[in-house]
Amino acid sequence: MKDFLTVADYSSESLQEMLDSAVQLKDEWKSGGNSPIFKNKVLAMIFQKPSLRTRVSFDMAMRHFGGDALYLSPAEIGLGKRESIADVARVLSGYVDAIMARVFDHAHVEELAEWASIPVINGLSDYNHPCQALADALTIYEEYKDMKGLNVTYVGDGNNVAVSLMHICAKLGSNFTIGNPVGYDMPAEAIEIGKKFAAESGSKITLLNDAAEAVNDADVIYTDTWTSMGKEEETKKRQQVFPPFQVNDALVADAKDNVIVMHCLPAHRGEEITDPVADGPHSRLFPQAHNRLHAQKAILVKLVG
Ligand code: CP
Ligand code: NVA
């Protein structure tokens with residue numbers, strides 16, 4: 001596999017190997033640093049949308065391996081506007097060793113991968129966020145030492161983050177439940193793929209429209225913004241629909257006593273998550289954000305190493 005565009009493209013075994021690699025790279029980094037295996041290697045990072053975690057964790061991952069990263073802003077590249085995606089892919093393939101791209105339309109990262117002769121990593125598209133999912137799995141894995149049989153509940157919008165989380169849970173044997181408002185489902189095609197993976201791993205996917213019912217028996221509660229990047233014109237409408245899906249103390253009390261709460265960030269405190277939950281004892285928000293660094297390293301080693 002040349003690229004990392006979706007969790008769905010990888011077998012359960014490969015994903016577990018990447019998780020093990022992330023754990024090992026994290027240990028190595030903690031006890032003195034990673035080996036400079038990417039000396040003289042450069043990652044080009046194309047961004048059509050803003051980013052803190054994805055941008056900085058990929059850049060730092062490359063530096064920790066002795067390599068470098070280039071940030072290419074929306075204005076600089078004009079992906080598919082100033083220049084065709086196929087041309088950008090072929091030009092960059094002559095300069096750098098891998099491309100990470102954050103795009104609006106998932107088809108655009110697929111097109112980049114099709115034309116690039118170097119690995120392409122999806123740093124978030126409207127369809128999914130596979131790098132996030134690997135860091136999420138790492139965080140859950142560290143907490144529970146195994147993903148099999150856990151109950152992972154996502155509360156909120158059936159968006160890109162929900163899709164990748166569902167797919168990685170189904171691949172690694174966790175039961176995945178979503179509680180989302182009516183009309184804000186994950187794409188039907190993504191659900192079908194998830195159900196197939198769940199059947200293979202012996203796990204379950206449950207689709208609900210009630211937050212309290214969804215978190216019942218949850219080991220993990222996960223939430224994300226009500227309004228993803230690119231959907232800003234729907235913000236007002238969503239602010240009226242989503243409040244029953246807020247992750248607050250009352251909702252957390254409906255789950256298992258030792259439930260952990262996760263959020264890919266950036267958080268909209270007071271909307272999808274309250275301050276007491278985000279900063280409380282169940283929260284794993286910042287270890288999860290930190291794990292982006294180690295998950296990106298495992299992805300880079302797999303594709304570029
Ligand atoms: N979670 C995440 O991808 O954060 P950024 O948008 O800041 O990269
Ligand atoms: N669902 C969010 C994730 C941000 C990291 C978005 O796409 O804006």
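First listed ligand is number 1; within each ligand, the first listed atom is number 1. Being a predicted model, the structure only gives us computed values, none of them experimental.
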task = Spell out, as yes or no, whether a donor-acceptor pair under 3.5 Å connects the side chain of Asp219 to the backbone of Asn151.
result = yes

ask   = With no hydrogens and no angle check, is any side-chain donor or acceptor of Lys171 less than 3.5 Å from a backbone partner on Tyr10?
value = yes

task = Below 4.0 angstrom from a heavy atom of Leu124, which ligand 2 atoms are there? Numbered from 1 as shown, please.
result = 3 (C), 4 (C), 5 (C), 7 (O)

task = Give yes or no for whether the N/O distance cutoff of 3.5 Å, strictly under, is met between Asp224 and ligand 2.
result = yes

query = Are the charged groups of Asp59 and Arg55 less than 4.0 angstrom apart, N to O?
reply = no

task = Give the atoms of ligand 2, by number and element, whose distance to some non-hydrogen atom of Leu265 is under 4.0 Å.
result = 5 (C)

query = Is Arg102 close to ligand 2, meaning an N/O of one under 3.5 Å from an N/O of the other?
reply = no

inquiry  = Do the side chains of Lys26 and Glu142 get close enough for a salt bridge, i.e. N-O under 4.0 angstrom?
reply    = yes

request  = Check each atom of ligand 2 against the heavy atoms of Asn159 and keep those under 4.0 Å away; list them by number with element.
outcome  = 1 (N)

task = Keeping the roles fixed (side chain from Ser93, backbone from Ala89), state whether a donor-acceptor pair exists under 3.5 Å.
result = yes

ask   = Should Glu200 and Lys196 count as an ion pair when the cut-off is N to O under 4.0 Å?
value = yes

ask   = Is Lys39 paired with Asp68 through a side-chain N to carboxylate O contact shorter than 4.0 Å?
value = no

request  = At a heavy-atom distance under 4.0 Å, which protein residues reach ligand 1? Sort them by chain and number, would you?
outcome  = Ser51, Leu52, Arg53, Thr54, Arg102, His129, Gln132, Cys264, Leu265, Arg292

query = What do we get for Asp126 next to ligand 2 when only non-hydrogen atoms under 4.0 Å count, side chain, backbone, both or neither?
reply = neither

request  = Indicate yes or no: does Asp157 engage Arg238 in a salt bridge with an N to O separation below 4.0 Å.
outcome  = yes

message = Looking only at protein heavy atoms, which one is nearest to atom 8 (O) of ligand 2, and what is the separation?
response = Met229 N, 2.8 Å

inquiry  = One thing to verify: whether Asp126 and Lys49 come together as a salt bridge, which I'm taking to mean a side-chain N less than 4.0 angstrom from a carboxylate O.
reply    = yes

query = Does Gln296 use its side chain to pair, donor to acceptor, with the backbone of Ser57 at less than 3.5 Å?
reply = no

remark   = heavy-atom search around atom 7 (O) of ligand 2 in the protein gives Asn160 ND2, 2.8 Å

request  = Give the numbers and elements of all ligand 2 atoms closer than 4.0 Å to a heavy atom of Ser228.
outcome  = 1 (N), 2 (C), 6 (C), 7 (O), 8 (O)

